[in-house]
S.K.: 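Right, I'll just put the structure down here and ask away after.
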Amino acid sequence: MEKEHIIRLEHVSKQFLSRNTDILAVSNINLEIKRGEVFGIIGFSGAGKSTLVRCINLLERPSDGAVYFDDTNLMDVSERTLRDTRLKMGMIFQQFNLLAQKNVLDNICFPLKIAGMKKEKRIKRARQLLELVDLTDKERAYPAQLSGGQKQRVAIARALATNPEVLLCDEATSALDPITTKSILELLKKINQEYGVTIVIITHEMQVAEQICDRIAVMSQGEIVEMGAVKDVFLNPQSETARKLILPDNQFDAEGIAKRVIRIAFDGQSSSDPIISQLTLHSGEMINILGANTENIGGKAYGQMLIQCPESAEALEKIRQYLTEQGIHFEEGGTIS
Amino acid sequence: MTEQIIGLLGQGIWETLYMVLVSALFSYVIGIPLGVLVFVTDQNGICRNRVLNLLIGGVINFIRSIPFLILLVLILPFTRLIVGTTIGSTATIVPLVVAAAPYVARMVESSLKEVDSGVVEAAQAMGASRMQIILNVMLPEAKPSLLVGATISLATILGYSAMAGFVGGGGLGAIATNYGYYRYNTEVMLITVLLLVIIVQIFQEGGLRLVRRIDKRIK
């Protein structure tokens, strides 16, 4: 029987030695990634996410700890075995990292060439992958002639060429516009669902994590501060970092108005329900919308809304009551419900 | 201008091209591995090795700091050992290679520095070995820049080869020295200089055209 976990990090730390101070980029990380899941590592710039993902395939060798892939500790294996293991872990990058002097087909063939596959076989395989990423008409194009989204598709095809079990994505959508981001995320989801490839995604965008991840780990200053199902973290963030990632502009904690601000999280309610209007009608109170970030996915509402309520405790109570009755998830500023 | 001089100039062109091209070939045979070695052993390189890096870097700097004419005289015994003589075009190739190889090594190193480190990282993530990265990623990705470097190197070697004419080397430099300088034949001197200018132009223009054709980053 296959093991449930494909990747396991135990007490992984990475220290960078610099002239004056040693920087602990990743500190004592324990992490298990399940076979077949989409796992997100989310945090602000400099949190250590990219270093952590590089510790998984040992592009950065951890200073301490153990990195298990399929129960083999990669810290102990020879360089040869490590390289063979890397064939089972594809990786894509924010800046795509395609070979600029090679055309699309040759870029996808490249890892197969490295792996020693015969030329006709690798061209055949590369063409299959081009079909998967929907770029069959671009096989002779060079990276400079492609858009960002197309480049990332080529990078995905290249990363999948050797039939890896895991795909590591380092800020794969951060250089792309929202629409392209969505299409790339859909492609990744398809790869995960149809081919069972385990996906590890590094991102600083909560929306990316929401759209695709099953579970996420929230990172801050080299440590994991929160981990769980993406839904749970989104509805009920426990850490300061998670809350800031969910509400980047920090209105929620702004002084003065904080007490009267409620964050409503939509997690699949019918998007046609006029929740705010009903809330006003039922409570008889005026409600001010401070900000909203919602999406309609298949008739269901996902996202969140920040509303400002009247000052009186009585009014606030009415609003609380209504939201609770309707089963709508909410939090109040300052405290987490 | 006598027919004799014209014949001489023709031979001079041929000798110059022979010296420059053969020297460039050997300089690259030595300079590419040296440049690669100095690049990959650097502290950010894929085969970090401080001792080797300092050693090779030191040798390159040492040779490059010796003025060419002095180097040429200094290594006369070595030249004799290799080609059996110290005069003529073939003998000039030895000091040209000794002087140009370290220069080429630095050119190669600087071309490799232009290669996007992300692409190298991607290749590592694919399980490529160091040798595969050097041969399949670094050198092919640096190809346009290497070619630009080669056109510059060729012009430099051409300049050196003309200098060698002063001390018994062959080619256009020797003609300019022997006929133009020592015999006050200004006409011959000007013609040889003009020919040298034309050769440099051809190298430079041809090289850049080739680069434009093969570089896939533009288009």
Side-chain angles (χ1 to χ4, degrees), chain A residues 17 50 53-54 56-61 79-104 106-116 140-146 151 154-155 158-162 164 166-171 175, chain B residues 32 36 39-50 53 108 110-150 207-219:
Chain A
L17 306 173
S50 288
V53 78
R54 280 166 178 72
I56 295 177
N57 61 5
L58 262 68
L59 279 181
E60 293 286 0
R61 197 177 177 83
E79 192 176 314
R80 175 82 234 189
T81 315
L82 176 62
R83 282 197 267 120
D84 288 343
T85 311
R86 281 176 178 166
L87 291 177
K88 299 179 197 162
M89 290 193 268
M91 188 166 186
I92 57 173
F93 306 84
Q94 179 173 3
Q95 295 305 329
F96 324 118
N97 295 349
L98 298 175
L99 296 156
Q101 303 296 343
K102 291 208 159 62
N103 67 26
V104 167
D106 290 339
N107 260 286
I108 302 174
C109 284
F110 186 71
L112 301 169
K113 189 178 169 191
I114 295 287
R140 297 277 158 217
Y142 286 89
Q145 299 163 312
L146 301 177
K151 282 184 211 170
V154 175
R158 183 177 70 171
L160 293 177
T162 51
V166 177
L167 181 61
L168 306 172
C169 311
D170 183 22
E171 297 276 12
Chain B
I32 288 179
V36 168
F39 177 70
V40 297
T41 55
D42 182 72
Q43 59 174 350
N44 299 316
I46 55 169
C47 318
R48 232 162 297 167
N49 188 328
R50 203 176 147 73
N53 186 267
V108 169
S110 99
S111 293
L112 294 176
K113 276 185 182 160
E114 285 173 34
V115 174
D116 182 4
S117 62
V119 181
V120 173
E121 193 183 32
Q124 283 175 316
M126 288 172 206
S129 67
R130 294 184 174 110
M131 207 48 167
Q132 284 174 321
I133 290 174
I134 292 169
L135 295 178
N136 296 312
V137 180
M138 289 179 174
L139 290 173
E141 285 293 292
K143 198 161 70 181
S145 170
L146 286 169
L147 265 168
V148 173
L208 291 186
R209 260 176 213 212
L210 193 59
V211 170
R212 268 199 294 274
R213 221 182 56 212
I214 65 149
D215 192 352
K216 307 301 182 191
R217 286 171 300 182
I218 22 189
K219 247 176 217 176

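First the proteins, then the strands, lettered A, B, ... as listed; each starts at 1.
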S.K.: Does any backbone or side-chain atom of B:N136 lie under 4.5 Å from a heavy atom of chain A? Answer side chain, backbone, both or neither.
M.R.: both
S.K.: If you count heavy-atom pairs within less than 4.5 Å of chain B, which of A:K88, A:R80, A:Q94, A:E79 leads?
M.R.: A:E79
S.K.: For the side chain of B:E141 and the backbone of A:A100, is there at least one donor-acceptor N/O pair under 3.5 Å apart?
M.R.: yes
S.K.: Just verifying a value: how many Å separate A:I114 CD1 and B:I133 CD1, rounded to the nearest 0.5 Å?
M.R.: 7.5 Å
S.K.: Quick check on the interface: out of A:L99, A:N57, A:L87, who has the most heavy-atom pairs with chain B under 4.5 Å?
M.R.: A:L99
S.K.: Given a strict heavy-atom distance threshold of 4.5 Å, which part of A:M91 is in contact with chain B: side chain, backbone, both, or neither?
M.R.: side chain
S.K.: So which part of B:S117 gets closer than 4.5 Å to some heavy atom of chain A, the side chain, the backbone, both or neither?
M.R.: neither
S.K.: Check whether A:L168 gets within reach of chain B through its side chain, its backbone, both or neither, counting any heavy atom under 4.5 Å.
M.R.: neither
S.K.: Within this structure, what is the CD-CD1 distance for the pair B:E121 and B:I46, rounded to the nearest 0.5 Å?
M.R.: 12.5 Å
S.K.: Heavy-atom distance under 4.5 Å between the side chains of B:F39 and B:V108, does that happen here?
M.R.: no
S.K.: Can you check whether A:T162 reaches A:R86 side chain to side chain, under 4.5 Å on heavy atoms?
M.R.: no
